There are 2 protein chains.
Amino acid sequence: MDTNFDKKNFIEKFKYSCNKVQIKKFLKGETVTTYIEKRNQICIVLDGEVDLIRYDFNGNKTIIGHFIIDDIFGEALYPTNTNNELFAVAKKNSEILFFTYDSLCTKCRRNCDFHKELTSNLSELFLSQIISLNLRIELLTKRNIRGKIQSYFEILSKSTLHRTFTLPFSYTDLADFLSVDRCAMMREIKSLVDDGFIKKNGNKITLLY
Amino acid sequence: MDTNFDKKNFIEKFKYSCNKVQIKKFLKGETVTTYIEKRNQICIVLDGEVDLIRYDFNGNKTIIGHFIIDDIFGEALYPTNTNNELFAVAKKNSEILFFTYDSLCTKCRRNCDFHKELTSNLSELFLSQIISLNLRIELLTKRNIRGKIQSYFEILSKSTLHRTFTLPFSYTDLADFLSVDRCAMMREIKSLVDDGFIKKNGNKITLLY
DNA sequence: AAAAAACTGTTGCAAAAGCAACATAAATGA
DNA sequence: TCATTTATGTTGCTTTTGCAACAGTTTTTT
């Protein structure tokens, strides 16, 4: 995170102080929520991992979002004019906090102190979500697979401060994240190795340039 | 916008009440700001249009963001670990409001009323930015050009409530927005016309299904 | 009003990417 | 522990895409 806001601490406080908030647990594979009703729902991952999955009219499945602890997602953050069916599915056993944006705003206008703090902290959560969305767009706008992979690896290298790092995704999930065919991606990674740009050992990558 | 927050009104108020804020005018083609220093800057478009342009190490230019009136952009919203040079360039004569996220937060803790309101409204601005970023990701994650175009046209149709609509972009800019080669996109649009999916008249499109 | 710049439309060709179909390895769970 | 599922790695083939190179329009600028 760029800011020095204590997200964890805020969520802890939020979790126990607010009656507009629900916390539920989900087993791996269970559907956390769908984006088809219009409930203005916002969700925060307290524990576990959640994938946001799109099924288009052909039945093709794409993972369009992947959320880990402290990430924020939900219908309220999503455009309403798309006609896909979106499902948020627990990728691991997870604990999710739910509230609605509406309830948040009405409360605030009644001058409740806690909600004032919440709103201001919410903007921090939103900001960190914007940054991660911009990161993804940065990668998705690269015109070829090699560009996407290289940019992603460079970002990992910069953020870990090492030329060698472990991928936080499986290769299957990475392909989804970059929105490319997994086989084509593997082929391209192999060619990066062959061309001497990187070294690969399982899910450990070393940049050689 | 999904929420009923009056963005325009808020920005008007903000613009004249706050000494931490700067407003500058730019002529078409001028550089509004760069994303290379780390100033935690946030910008709001009061008037005009701004493109966010990436020059990668090969000198290739990509428009990775396009901002119109009331849109919010700036370094503070962008990941720090990428190593591109980003330039925000006025696409038309523009009026831009600048402030830093830091100044905003410190002010708030000093209990300035205006800044309290600002912070809470800022989350609305952030939210609407998240929604538009998610929209773009929705399009970028489609695996081929046809899918991107069709989804985009469907969204336009839904949001205008008409089967016929005028593109808000030039075709050149649309190709940039979808991050595909312009010629390949034109070819694909032509094939959508030939296959009877759409009708095209200049920058007016009609969905036929 | 003429010149320059930007946008549209088109095509052939080469390169890249997706798809299908595997074999193998690793992880999960009954 | 054994079976089942999930992930990795690979390859041939086909389709899609990007690139280059145009000509013709429209818009902007001088």
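Sequence lines set the chain letters: A, B, ... in the order given, protein chains first and strands last, and positions in each chain run from 1. Values in this document were obtained by computation on a predicted structure and should not be read as measured data.
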Checklist line | Residue list, ring-ring contact (aromatic ring centres under 6.0 Å, His included) with F87(A), at least two apart or on another chain | finding: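 If we apply the ring-ring contact (aromatic ring centres under 6.0 Å, His included) test to F87(A), skipping adjacent residues, the hits are Y55(A).
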Margin query: The test is side chain to side chain contact (heavy atoms under 4.5 Å, CB included); show your working for I205(B) and Y152(B) and say whether it passes.
Written below: CA-CA 11 Å; I205(B) 300 289; Y152(B) 182 62; over 6 Å; no
Flag if over 12 foreign heavy atoms under 6.0 Å of [atom1], [X]:
X: K200(A); atom1: NZ; result: yes
X: D195(B); atom1: CG; result: yes
X: D194(B); atom1: CG; result: yes

Check: For K148(B), which contact category applies under a 4.0 Å heavy-atom criterion: base, sugar-phosphate, or nothing?
Finding: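 Touches nothing.
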Next item on the list: Show your working on side-chain hydrogen bond (donor to acceptor under 3.5 Å, both in side chains) between E124(A) and Y101(B) and close with a plain yes or no.
Entry: CA-CA 10 Å; E124(A) 299 269 359; Y101(B) 193 65; 3.3 Å; yes
Could you tell me the separation between the [atom1] atom of [X] and the [atom2] atom of [N], rounded to a whole number of Å?
X: I189(B); N: dT10(C); atom1: CD1; atom2: C1'; result: 13 Å
X: I63(B); N: dA6(C); atom1: CD1; atom2: C1'; result: 13 Å
X: L140(B); N: dA17(C); atom1: CG; atom2: C1'; result: 17 Å
X: K142(A); N: dT17(D); atom1: NZ; atom2: C1'; result: 19 Å
X: K91(A); N: dA27(C); atom1: NZ; atom2: P; result: 14 Å
X: N203(B); N: dC7(C); atom1: CG; atom2: P; result: 13 Å
X: K92(A); N: dT6(D); atom1: NZ; atom2: P; result: 16 Å
X: N201(B); N: dT25(D); atom1: CG; atom2: P; result: 16 Å

Next item on the list: May I ask you to evaluate whether K200(B) reaches the phosphate of dG9(C), defined as a side-chain N or O under 4.0 Å from OP1 or OP2?
Entry: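 Checking K200(B) against dG9(C): at least one side-chain N or O falls below 4.0 Å of OP1 or OP2.
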Margin query: For the CD1 atom of I64(B) and the CG atom of L52(B), what is their distance to the nearest 0.5 Å?
Written below: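 Interatomic distance, I64(B) CD1 to L52(B) CG, rounded to 0.5 Å: 4.5 Å.
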Check: Hey, are the side chains of R163(B) and K199(B) touching, using non-hydrogen atoms and a 4.5 Å cut-off?
Finding: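 With C-beta onward as the side chain, the pair stays apart.
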Item checked: Heavy-atom side-chain proximity of I96(A) to V45(A) below 4.5 angstrom ->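 Yes. Closest side-chain heavy atoms under 4.5 Å.
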Note to self: Let's see if you get this right: which residues in residues 169-181 of chain A place a heavy atom under 4.0 Å from DNA chain C?
What the structure shows: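 Those residues whose heavy atoms fall under 4.0 Å from DNA chain C, taken from residues 169-181 of chain A in numerical order, are V180(A), D181(A).
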Check: Considering the terminal five base pairs at each end of the helix from dA1(C)-dT30(D) to dA30(C)-dT1(D), what angle separates the two local helix axes, rounded to 10°?
Finding: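 Result, rounded to 10 degrees: 60°.
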Checklist line | Non-neighbouring partners of K92(A) that pass side chain to side chain donor-acceptor pair (under 3.5 Å), sequence neighbours left out | finding: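 If we apply the side chain to side chain donor-acceptor pair (under 3.5 Å) test to K92(A), skipping adjacent residues, the hits are E49(A).
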For residues 179-187 of chain A, run the donor-acceptor check on the side chains, cut-off 3.5 Å, and write out each pair with its distance to 0.1 Å, sequence neighbours left out.
from: S179(A); atom 1: OG; to: T141(B); atom 2: O; distance (Å): 2.7
from: S179(A); atom 1: OG; to: R143(B); atom 2: NE; distance (Å): 3.4
from: D181(A); atom 1: OD2; to: C183(A); atom 2: N; distance (Å): 3.2
from: D181(A); atom 1: OD2; to: A184(A); atom 2: N; distance (Å): 3.1

Please list, for nucleotides 10-16 of chain D, all pairs of protein and nucleotide N/O atoms separated by less than 3.5 Å.
from: dT11(D); atom 1: OP2; to: K190(A); atom 2: NZ; distance (Å): 3.1
from: dG12(D); atom 1: O6; to: R187(A); atom 2: NH1; distance (Å): 3.2

